[in-house]
Amino acid sequence: MSRRSFLHKAVTGVAGVAGVAGSAALPQGAFAAKGPSVRWRLTSSFPKSLDAIWGVGPRMAERVLELTDGKFEIRAFAAGEIVPGLQVLDAVQNGTVECGHTASYYYVGKNTAFAFETTLPFGLTARQHNAWYYFGGGQQLTREFLKNYNIINFPGGNTGTQMGGWWRSEIKSVRDLQGMKIRIPGFGGRIMAALGAVPQTIPGGDIYPALEKGTIDAAEWVGPYDDEKLGFHKVAKYYYYPGFWEPGASLSYYVNQAAWASLPKQYQTAFEVAAAEAAMRMNAEYDAKNPPALARLIRAGAQLRLYPRDVLEAAYAEAEKIYAQERQNNPDFKKFFDSWNVFRHDQSNWFRVAENALSSFIPRTK
Ligand code: CA
């Protein structure tokens, strides 16, 4: 669809929502022309160097501006420009900014139930997450939960299944994890600790020197496209997969509820449409850019390795233990888990039948 026809459809669609008769005959932007000028700020959890993720904020803003005939302007700021990357929730909650682009699981320190909006170990892939969010109760559960923080959320892109990190030495069984220092945050870190490794939390920019000096033995980041830019293959050549702790990290737009309620309905729709489009494009961008990045990394010396079966099995068992504990200790976690868990098993059963059977049959090419 051309950009023009997309805009036309979006604008006439918006008019339809507003219940105005004869909207198709009106020129583009006729409603926005009468609308108020609104200026918002979006604070991102991400630096501009993570261009595929960071880009979701400004892209959404650009489309909102177009859809509202220039009336609704959102300025996007990278991590640290207004608040640090991990304070997006607070900044949106208290109204420092009207909206943000973040990953919910950054806030598991406040409540472990925050993880469900992003990803959990051995959980949903990007497509499965979308299925849960839109058709499996995910939207309702996350929105109900975020009301406690004065926030309404929208899906904000997905990295796809992440890689399992860069190791300086090979991992041939669970025993090889003993005492290994690995940069890995969140639930993945809890699992690694249970398996005998020593998880570390290190910001992106500090990982390379730590790996180079050997103060850590391994580090996980995202996937080939982002990892290549940080150059990990030069200092830790074993590139493991899959990143079982992040089967599909879904990002979020957070919007302050009072700010949202103050928007004309048409601007809300523009935001929702633009947010969905930018999110979909991010998934597509990673899927397009990861394969050539992986090929370059392998040419540069990276050694691709599948995590041994016993590591995956032990990690799965630890994940189940963590979920059982969380269900017991946190009623919010239990509420999410009981919906999500049934859904994930149904999804795995289905994807195994057609999609995975086909993709694992098609021969690999060099
Ligand atoms: Ca990661």
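We're numbering straight along the sequence, starting at 1. The structure displayed is predicted, hence computed values, not measured ones. In each ligand, atom 1 is the first atom listed, and ligand 1 is the first ligand listed.
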Notebook entry, point to check: What's the atom name of the N, O or S in Glu246 nearest to the Ca ion (ligand 1)?
Noted result: OE1
Notebook entry, point to check: Tell me, which N, O or S atom in Glu220 is closest to the Ca ion (ligand 1)?
Noted result: OE1
Item checked: Residue of the set Val222, Leu50, Asp51 for which side chain to side chain contact (heavy atoms under 4.5 Å, CB included) holds with Lys229 -> Asp51
Notebook entry, point to check: Quick check: does Gln162 put an N/O/S atom under 3.0 Å from the Ca ion (ligand 1)?
Noted result: yes
Margin query: Under 3.0 Å from the Ca ion (ligand 1), is there any N, O or S atom belonging to Trp245?
Written below: no
Next item on the list: Would you check if the side chain of Tyr253 reaches a backbone N or O of Val56 as a donor-acceptor pair within less than 3.5 Å?
Entry: yes
Notebook entry, point to check: When you look at CZ of Arg168, are more than 12 heavy atoms from neighbouring residues, nucleotides or ligands closer to it than 6.0 Å?
Noted result: yes
Next item on the list: Mind telling me whether Tyr106 and Phe46 have parallel, tilted or perpendicular rings, with 30° and 60° as the class edges?
Entry: tilted
